[in-house]
Novice: 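Can you keep this structure in mind? I'll have questions shortly.
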Amino acid sequence: MRVETLAGPDCDLVRAAQRGDLSAFAVLTERHRPALRATAITLLGYGDEADDAVQDAIVLALRRIGQLRDPASAGSWLRAIVRNTCRSRLRLRRPMPVAEPELYLPPSAEPGPEEVLDGAGERSWVRQAVATLSDPVREVMLLRYFTGFSSYEQIARLCGIPVDVVGGRLRDGRRILARRLRESAGDAYAATDAQVAMHRRTARQHVATMLGGGYGRVIEDWFRRDASVVVMGGLVGDRATLGALMDLTLNDGVGLRLHDAVGSRGVLVWETDFLNPASDPEHCPPTMAWLLRLEQGRVVRLGITYGGARNENLITG
């Protein structure tokens with residue numbers, strides 16, 4: 001995009017953003033950020049919550065920019081999104097003794113920021129931004145927005161942390177992610193797409209080797225000697241434990257099938273389906289997630305949790 005267009009009126013920036021120019025979207029939202037923050041402060045008061053609401057609204061606007069019919073009204077449109085985001089936060093202030101109160105709120109006309117990130121999950125620039133997060137925050141963000149094991153309880157079990165810590169790390173991650181997306185808007189990340197394909201290809205190879213009886217070799221080559229195995233949030237053992245678990249599973253006639261694999265700088269998540277024998281269809285839970293932490297290319301911790309049946313189709317390619 002030409003410099004004069006970036007400095008031009010809102011309508012030029014909106015049209016460029018609607019064509020997929022993320023630099024134009026970044027300039028547009030930065031131009032209106034003071035007014036957006038003032039709107040949030042009016043509803044939420046001064047503090048971090050107002051800034052968080054603006055960040056959430058910007059991510060939401062990115063998803064919905066194609067729906068803006070009057071480019072000249074971009075400012076009022078952005079402020080309306082901020083107001084809706086703030087109202088959602090005000091509803092969440094009601095005391096509710098549950099880990100994920102948003103599940104019990106009445107449906108809103110506007111999707112929340114989590115829906116937006118989830119819908120944008122396959123965009124390479126989102127993955128690139130996630131890769132810049134710290135290890136603890138990146139783990140929970142990767143699980144929440146890129147896998148089917150995304151409830152606070154499942155994340156807590158895989159990461160071995162309390163549920164309230166999950167919420168705090170997600171809050172920090174969303175704030176950092178919104179800022180990083182703004183900083184990196186307009187950049188191309190073709191290399192990230194190649195990394196996604198590599199993670200899936202590697203996962204397929206490892207799963208196929210393990211099913212072929214070579215899981216001992218995979219464990220020996222890929223897991224460090226001091227690697228820990230944590231199942232359902234409780235420490236179970238070392239890498240030999242994984243071999244014993246594989247023995248029990250395969251010897252009982254249960255198979256594994258890879259559903260998906262995602263990764264981001266030292267963190268891998270595999271989602272697999274158990275294939276129970278016809279004689280014992282409920283031998284194992286329908287699904288399992290593997291959270292693999294790596295250092296220098298080798299696994300130092302494996303977290304495992306189980307889940308229910310899924311409806312999605314298997315990945316292809």
Side-chain angles (χ1 to χ4, degrees), residues 1-92 107-130 132 141 145 171 173-190 192-193:
M1 168 174 282
R2 295 177 301 174
V3 174
E4 58 265 30
T5 302
L6 290 177
D10 282 355
C11 55
D12 291 341
L13 294 171
V14 170
R15 292 189 185 101
Q18 290 175 333
R19 293 193 299 268
D21 190 324
L22 296 178
S23 296
F25 178 84
V27 172
L28 176 70
T29 52
E30 284 304 294
R31 174 179 293 177
H32 290 279
R33 185 177 288 272
L36 302 181
R37 188 169 186 270
T39 300
I41 290 172
T42 300
L43 292 168
L44 299 176
Y46 285 94
D48 290 343
E49 191 174 21
D51 292 331
D52 287 347
V54 172
Q55 301 287 24
D56 289 345
I58 287 173
V59 177
L60 175 57
L62 176 59
R63 176 73 180 279
R64 298 174 64 88
I65 188 68
Q67 301 175 20
L68 178 56
R69 295 183 178 181
D70 180 9
S73 65
S76 59
W77 177 75
L78 288 168
R79 290 192 296 275
I81 295 176
V82 171
R83 284 193 292 272
N84 286 336
T85 302
C86 291
R87 289 170 186 141
S88 295
R89 287 176 171 268
L90 289 172
R91 289 198 297 270
L92 286 173
S108 171
E110 294 285 351
E114 292 180 356
E115 281 186 74
V116 175
L117 285 177
D118 189 43
E122 289 300 318
R123 295 173 185 262
S124 60
W125 49 265
V126 175
R127 292 181 181 275
Q128 180 70 16
V130 169
T132 66
M141 292 290 285
Y145 299 118
R171 183 170 56 252
R174 285 194 293 266
R175 186 183 306 176
I176 297 169
L177 181 59
R179 185 175 71 247
R180 297 281 165 79
L181 291 177
R182 188 172 75 246
E183 293 169 351
S184 62
D187 292 339
Y189 292 109
T192 304
D193 292 330

Novice: Return the OG1 to CD1 distance between Thr39 and Ile81, rounded to the nearest 0.5 Å.
Specialist: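 Between atom OG1 of Thr39 and atom CD1 of Ile81 there are 11.5 Å.
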Novice: Testing the basics here: between Ser73 and Ser76, what is the closest heavy-atom pair and its distance to 0.1 Å?
Specialist: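 What the structure gives for the nearest pair is O-OG, 3.0 Å.
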Novice: Any chance you could measure Asp51, atom CG, to Arg37, atom CZ, to the nearest 0.5 Å?
Specialist: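 The distance works out to 4.5 Å.
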Novice: If you measure from CZ on Arg87 to CG on Leu44, what distance do you get to the nearest 0.5 Å?
Specialist: 11.0 Å
Novice: Using modelled atom types and a 3.5 Å cut-off, is there a donor and acceptor pairing between side-chain atoms of Gln18 and backbone atoms of Leu68?
Specialist: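 Yes, the answer is positive, given that a donor and an acceptor are paired below the 3.5 Å cut-off.
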Novice: Would you name the heavy atoms of Thr85 and Ala53 that are closest together and state the gap between them?
Specialist: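 Between these two residues, the closest heavy atoms are CG2-O, 3.6 Å.
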Novice: Side chains of Pro71 and Asp10: does their closest heavy-atom pair fall under 4.5 Å?
Specialist: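 Of all side-chain heavy-atom pairs linking Asp10 with Pro71, none is under 4.5 Å.
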Novice: Could you please spell out the steps behind the side chain to side chain contact (heavy atoms under 4.5 Å, CB included) verdict for Thr42 and Arg83?
Specialist: CA-CA 9 Å; Thr42 300; Arg83 284 193 292 272; over 6 Å; no
Novice: Test of understanding: with side chain to side chain donor-acceptor pair (under 3.5 Å), list the residues that count as partners of Arg171, not counting sequence neighbours.
Specialist: none
Novice: Are side-chain heavy atoms of Arg33 and Ile58 found at a separation under 4.5 Å?
Specialist: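 Sidechains of Ile58 and Arg33: in contact.
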Novice: If every non-hydrogen atom of Ala40 is compared with every non-hydrogen atom of Cys86, which pair is closest and at what distance?
Specialist: CA-SG, 3.6 Å
Novice: If every non-hydrogen atom of Ala16 is compared with every non-hydrogen atom of Ala24, which pair is closest and at what distance?
Specialist: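 It is CB-CB, 3.6 Å.
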Novice: Any side-chain donor-acceptor pair under 3.5 Å between Arg64 and Gln67?
Specialist: yes
Novice: Does the side chain of Ile65 come within less than 4.5 Å of Trp77's, by heavy atoms?
Specialist: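 Contact flag for Trp77/Ile65 side chains = yes.
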Novice: Taking all heavy atoms of Leu36 and all of Thr29, pick out the closest pair and write down the distance.
Specialist: CD1-O, 4.5 Å
Novice: In Å and rounded to the nearest 0.5 Å, what is the NE2 to CG distance from His32 to Leu13?
Specialist: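 Answer for the NE2-CG pair, His32 versus Leu13, is 8.0 Å.
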